[in-house]
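Report on one structure; see the data block that follows.
Below, read A as the first sequence line, B as the second, and so on, with proteins coming before strands; counting in each chain starts at 1. For the numbers below, each heavy atom of this structure counts, side chains included, while hydrogens, waters and symmetry mates do not.
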Amino acid sequence: MPQPLNYLRETASQTAGPYVHIGLAPGAAGFDLFEKELGTDIAGPNAKGERITVEGTVIDGMGAPLKDVLIEVWQANAAGIYPHPADRRAGEVEEGFRGWGRVISNFETGLFSFETIKPGSVPGRPAAHPPRRSADEEAKDALGRGRQDQRPMAPHLNLWIVARGINIGLNTRMYFSDEEEANAKDPVLNLIEQVDRRPTLIAKRGERDGKVVYRFDIRLQGENETVFLDV
Amino acid sequence: MTRMGRIGSNTGPGAAEYFQRDRTLHPPAYTPNYKTSVARSPRYALLSLQNSLSEVTGPTFGHSDLGPLDNDLILNYAHDGEPIGERIIVHGRVLDETGRGVPNTLVEFWQANAGGRYRHKKDTYLAPIDPNFGGCGRTLTDEDGYYYFRTVKPGAYPWRNWVNNWRPAHIHFSVFGAGFVQRLITQMYFEGDPLLPHCPIVKSIPDQDAIDQLIAPLDLNAAVPLDCLAYKFDIVLRGSRSTLFENRLEGN
Ligand SMILES: [Fe+2]
């Protein structure tokens, strides 16, 4: 027998269940317990950039909207910086910009809606060092054995979806329809082999009452199933 | 300063790539004995990504986010007395797969009351609401990854799946870690619960060792004599690599 490696194993996921709101959004469950409910303000008052609303539904395999879903959003600021020590520019993030929020769907309609700022483009993965191949060569090979394309990533929101009936949180990304050029070069969108599935990650820009509103529907199953990520 | 484990010239010292998730120990999306999963499970394969800044970063929390009673479910909703039920402490560490404690990370928990009833407008189970029990709390781990809270032991409750399904007593947990890819929601069960082998949600996990890892043992040493019992529950999040060639970066 070789030596044991002695890694621990990750704790298994279990569904968030129907009462997830009690723990993570008790105000929505019908009672105020905490002085401060977390995740209600993603961008904060000082964030630069375009103020936007994102709305949509999460739809099950029978075409019905989930009325008990909880979505977490994680995003960079308008300059493409994450407020986290792993981002070496984190110190430049505006005071009060959290980049993280919690959103629940309406109990009656299933519609979710949140306000934030549109993030900037975020650096991609690094090139190998020393560089062995050009970015174009790596991109071409991304579907084979190649490393992921290291070009900058188009502006996007990282989403994590939990609900009753979802056994392990689903990761996906939301890109922006008005970023066509950046989306065309995005390393993650380009990794999706079935080109006609790429639009499932792109929110449609529109306007209502003078405000910018992006529509993003997430289909768990069935026609136009959203691309989910193993991150 | 070591540069090992960083993933790019735009990253700071905390940016390590995470181990790939072992999907064989987690429940798959489609588990037909847990009926709600049938229509809520993606059918296509997940797209596997290498970590970028979007994955290795994640929200951070501090003590200013919390209130003084957030980790005491016996007191945090007490109005005219304390809640009914078996008084317990739940404690343990949040670790990563390398065995390191995960410091200063947010741990949230929610549960039914001692009768198995949630304080939620969608819960209509006939067991009564406890006027002195809210059923949720949260805390930050300390520098070693240690956390604890006080509550009452939740009751089992029936749920509509098959007609006679009962959830074993459980506490829901939400944990963050340092990177968004460590994000985890799970449930803690109690040693010796006879409902465990009958629960379709527990059995959505295909790996018996992974199920056992969700069962908290009674920890008499952590009990408060004449006051409160204790259960120990360690939570393991994904680990990160620190010394692999591919991750060694710019010019060193
Ligand atoms: Fe539950």
Side-chain angles (χ1 to χ4, degrees), chain A residues 7-19 21-24 26 29-31 33-36 38 60-62 74 82 84-88 90 98-100 122-126 129 148 153 158 160 162-170 188 191-192 220-221 225 227-231, chain B residues 7-12 14-15 22 25-27 29 31 36-37 39-40 42-44 46-50 52-59 65 67 77 95 97 99 108 110 118-122 134-136 172 174 180-181 183-187 201 204-205 210 213-214 235-236 238 249-250:
Chain A
Y7 287 113
L8 302 177
R9 297 176 89 205
E10 189 187 9
T11 297
S13 170
Q14 291 270 262
T15 180
Y19 308 120
H21 317 92
I22 291 185
L24 307 187
F31 67 114
L33 188 143
F34 298 132
E35 282 169 43
K36 190 166 160 188
L38 297 173
D60 73 14
M62 295 184 279
W74 173 240
Y82 284 105
H84 182 278
D87 191 321
R88 70 171 186 183
R98 192 138 220 181
W100 172 79
V122 174
R125 288 178 55 80
H129 188 84
Q148 213 156 291
M153 298 187 285
N158 305 286
W160 186 70
V162 295
R164 174 173 71 104
I166 295 178
N167 287 326
I168 179 165
L170 295 168
V188 171
L191 213 50
I192 303 170
L220 298 181
Q221 192 191 95
E225 180 179 307
V227 173
F228 296 103
L229 307 171
D230 187 11
V231 287
Chain B
I7 63 165
S9 55
N10 286 290
T11 60
D22 180 358
L25 69 80
H26 288 285
T31 49
T36 313
S37 76
R40 294 184 170 195
R43 286 295 185 271
Y44 294 130
L46 304 177
L47 177 68
S48 291
L49 294 190
Q50 291 180 280
S52 71
L53 265 185
S54 293
E55 284 77 40
V56 302
T57 57
D65 289 317
Y77 204 75
L95 306 158
E97 290 168 298
E108 299 162 290
W110 67 100
Y118 282 96
R119 182 176 287 279
H120 190 291
K121 48 184 158 190
K122 293 285 181 101
C136 66
H172 297 265
S174 154
F180 206 46
V181 297
R183 193 81 181 82
L184 183 74
I185 280 184
T186 190
Q187 301 181 27
I201 289 178
S204 68
I205 299 171
Q213 203 172 316
L214 296 183
I235 299 164
V236 181
R238 288 165 69 181
L249 293 167
E250 71 283 18

To the nearest 0.5 angstrom, please state how far the [atom1] atom of [X] sits from the [atom2] atom of [Y].
X	Y	atom1	atom2	answer
H84(A)	L53(B)	NE2	CG	9.5 Å
R40(B)	L170(A)	CZ	CG	11.0 Å
L47(B)	L191(A)	CG	CG	5.0 Å
E225(A)	R43(B)	CD	CZ	8.0 Å
T11(A)	E97(B)	OG1	CD	9.0 Å
T186(B)	I168(A)	OG1	CD1	9.5 Å

Quick one: of [options], who has the most non-hydrogen atom pairs under 4.5 Å with chain B?
options	answer
F34(A), W100(A), F228(A)	F34(A)
G61(A), G23(A), S13(A)	S13(A)
V162(A), V122(A), V227(A), L38(A)	L38(A)

Interchain contact, [X] with chain A, by part (heavy-atom threshold 4.5 Å):
X	answer
L25(B)	both
S54(B)	both
A210(B)	both
H120(B)	both
Q187(B)	both

Considering only heavy atoms and a distance below 4.5 Å, find which of [options] pairs most often with chain A.
options	answer
A39(B), G99(B), S37(B)	A39(B)
L46(B), T31(B), I205(B), T57(B)	T57(B)
T36(B), L95(B), D22(B), L214(B)	T36(B)

Problem set entry | Residue part contacting chain B, namely of R9(A), when any heavy atom lies under 4.5 Å |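 Looking at R9(A), backbone and side chain both touch chain B.
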Exercise. What part of P26(A) gets closer than 4.5 Å to chain B, counting heavy atoms only: side chain, backbone, both or neither?
Worked result: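 Contact with chain B involves the side chain of P26(A) alone.
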Can you see which heavy atom on [X] is nearest to which on [Y], and at what distance?
X	Y	answer
Y77(B)	L33(A)	CD1-CD1, 3.6 Å
W110(B)	I22(A)	CB-CG2, 4.0 Å
D65(B)	R98(A)	OD2-NH2, 2.7 Å

For this session: Please lay out, stage by stage, how V236(B) and Y7(A) fare under the test side-chain contact (heavy atoms from CB on, under 4.5 Å).
Result: CA-CA 10 Å; V236(B) 181; Y7(A) 287 113; over 6 Å; no
For this session: Determine, step by step, whether E10(A) and L184(B) satisfy the side-chain contact (heavy atoms from CB on, under 4.5 Å) criterion, reporting the C-alpha distance in whole Å, the side-chain angles of both residues, the deciding distance to 0.1 Å, and the verdict.
Result: CA-CA 10 Å; E10(A) 189 187 9; L184(B) 183 74; 4.2 Å; yes
Exercise. Is the closest side-chain heavy-atom distance between V56(B) and Y82(A) below 4.5 Å?
Worked result: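 Not in contact.
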